[in-house]
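Since the model is a prediction, treat every value here as computed from it, not as a measurement. Each chain gets a letter, A, B and so on, in the order its sequence line appears, and its residues count up from 1.
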There are 2 protein chains.
Amino acid sequence: MPHSAKPPALNPRRNLAGEVLLALRAEIISGHLQPGDALAEPVLAKQFGSSRAPVREALIELEREGLVQFELTGRTKVRTLTEQDFDEIRDARVALESMAARRASATWAPEDSTCLEQNIARQAKASTLAELSRLDVEFHEYVMRLAANTRLLTLWQSIRWQFEMCLASTHRLQQTLACRPHQITVSSHRHLLTALASGKPEVAAQKMALHIESSMEWSPSEISTADHLTGLATETHRR
Amino acid sequence: MPHSAKPPALNPRRNLAGEVLLALRAEIISGHLQPGDALAEPVLAKQFGSSRAPVREALIELEREGLVQFELTGRTKVRTLTEQDFDEIRDARVALESMAARRASATWAPEDSTCLEQNIARQAKASTLAELSRLDVEFHEYVMRLAANTRLLTLWQSIRWQFEMCLASTHRLQQTLACRPHQITVSSHRHLLTALASGKPEVAAQKMALHIESSMEWSPSEISTADHLTGLATETHRR
DNA sequence: GAGATCTAAAGTGTCGACACTTCGAGTCAA
DNA sequence: TTGACTCGAAGTGTCGACACTTTAGATCTC
C-alpha cells in the first residue's frame, strides 16, 4: 500500500543504532527473542559486530516502544505483555485513532478509499496470520498519516509494535476458536472504511472506536511473542 | 498536590543522563535556552562536568519530548514551536485526556475531588503565570494518573513539556488581551471537576475535550520559550 | 541435605580517544 | 564588493577501557 504524501523523517539521525533497533525489534516481534529473555549490551554488541553505544541507544528506544523492560537492577529483559497491558493498549489506540479518524475524514479523498480497499483485498488473500496482522496495522497507520498530525502519529508509532503483537495474538486466538480471522478482519475494516469516507468526522471517530473495541475484544490471558511461532493458544477469554 | 497512589517508575534506570535531562529541560522551559540555540554534546558535557554519553542520552529523550530537534546534518537545536504545533498538541491532548477522563471518572473517589479542589484554590492564588501553568499541568497530570493506564500516562508525559510551554504562552496572551488568566483557568477547571466527579464517564470525557479546546483556543502565531522571560506578545489570534 | 558465604564471571555506567563530517572565518580571484 | 575556495575548528558516530555492582556457581557450615 502506498503511503500518504507526508514522509515521516521525524528523527533524521541515521546511525548504527537504527539498524540494531530494526534487527532487535524484528527478533522480538517474530518471537525469536521471547519475553523474559536477557538483553545484555556486551552480548548484543558482539552479535551485531558493534560497540555497546549503538546497542544501548537501540535498547532505550525499545524500552520506549514497550517491547523491552529495564529492571531495577539495571538489567534489560524482553517484556512480557499481560492482559492488563492488552487493555491499556486498546484504550490508548481508541484515544489516538478516534481522533485521527475524525481529522482524516474531514479531508478524505477518493484515492484514500482506493488505497484502503486494496489493503482490504490483500487482507482477504493473506496467506499467514502474521501477514494479516501486518496488513491490519498498515490500514491503521494509513489513517494515522491522513490525520496529518505528527504528534498523533509519533505517539501512535510508539505503541504500534505492542499493538502488532496483540493483534497477532488475537487473530491466532480467533482461529483456534473456529472463528475465521480473515473474514472478521475484512468485514470489520470494510465497515470502518465506509464510515471514514462518509465525510462525517464524528461518525468516523465513533466507528473507529467501535472497530478497535471489537477487534481487540478477544484478549488472551497473556500475550506472548512465542505465540507467533508455537501456535499454542491460551484458552482464557474475557467477557 | 499529592500524587495518585501509583508511582511512575516506568524507567528505573537511574543515571547521570537523568540529571542532565532534568537540567536541560528546565533551561528550555524557562527560556534560558531559546528556540534555535545549538546543543553541542561536547559543550554540554563540559558544562555538566560529564562525558558525552549521558548528554547524548538526554538529548535523545528531549527529542522524543519535542523540545529539541535533530537537524539532517546531525546537529541538535532547541526546537521552535509553530502555530501548527500548537494545534497538533491540542488535538493530541484532547485524544489522550478525554480517554483518561472517561476512565478516571469511572473510579472517582471523594479524596480525588478534594485534591483537585486544593489545586484549584492554589491556581487562584498563583503569584506568577509560570506557577499558574505549572498548577494547570499538575491538575491534568493527576487525572491522567487516575486513569490507571501506564500507556496513556507515558504517551501524555511525552508531550507534557510542549504542552506546558503552550500553556504559559496562552496565559500570557490572555493577560495582554486584558482577560484575567487566573479567573478563566480557575473557573474552567471548576466546571471540569464537577463533570469528572459526576460519575458519568461520557460526560467527563466530553467536558474534558471542551475544556482543552477552550483553554487552548488562544493560539499565538509562534510559541517561543523566550515569551516566558521577555513578556513580549505576538498579537496574532486565531478565529 | 539445607542454608549461608565466598568469589569469579558478567553487566552497567561512564569516560576519553579517534576518524570522519560539517561549519565558518579568512583568503583569493573576478 | 561579491562570490568561490581553503583550511583549521568544532561536532557527531563509534570504539575500547575501567570502576563498580550484580549474578550465579562453588564452597563451607550446621
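Here salt bridge (Lys or Arg N to Asp or Glu O under 4.0 Å) pairs that include residues 149-160 of chain B, with residues two or more places apart or in two chains, are A:Asp85-B:Arg151, A:Glu88-B:Arg151, B:Glu141-B:Arg160, B:Arg160-B:Glu164. Within the structure, the salt bridge (Lys or Arg N to Asp or Glu O under 4.0 Å) test picks out the following pairs touching residues 43-52 of chain B (sequence neighbours left out): B:Glu41-B:Arg52.
Residues that satisfy the side chain to side chain contact (heavy atoms under 4.5 Å, CB included) test with A:Asp91, not counting sequence neighbours, are B:Met99, B:Arg103, B:Asn149. When the side chain to side chain donor-acceptor pair (under 3.5 Å) test is applied to B:Glu19, no partner is found at least two apart in sequence or on another chain. For A:Thr114, the side chain to side chain contact (heavy atoms under 4.5 Å, CB included) partners two or more places apart in sequence, or in a different chain, are A:Gln118. Applying the side chain to side chain contact (heavy atoms under 4.5 Å, CB included) rule to B:Leu39 yields the partners B:Leu33, B:Leu44, B:Leu59, B:Val68, B:Thr76, B:Val78; only residues at least two apart in sequence or on another chain are considered. Under the side chain to side chain contact (heavy atoms under 4.5 Å, CB included) criterion, A:Asn15 pairs with A:Arg13, A:Ala17, A:Glu57, B:Arg56, sequence neighbours left out.
Toward the 5′ end of DNA chain D lies the nearest nucleotide of A:Glu57, the other residue of the pair A:Thr73 and A:Glu57 mapping further downstream.
The backbone N or O of B:Glu27 sits less than 3.5 Å from a side-chain atom of B:Ser30, completing a donor-acceptor pair.
Interface residues of residues 38-54 of chain A facing DNA chain C, ordered by number: A:Leu39, A:Ala40, A:Glu41, A:Pro42, A:Val43, A:Arg52; criterion, heavy-atom separation under 4.0 Å.
Along DNA chain D, read 5' to 3', the first and last nucleotides having any atom under 4.0 Å from a heavy atom of chain B are D:dG11 to D:dT14.
For A:Leu72 and C:dG11, the CG to P distance is 19 Å, given to the nearest whole Å.
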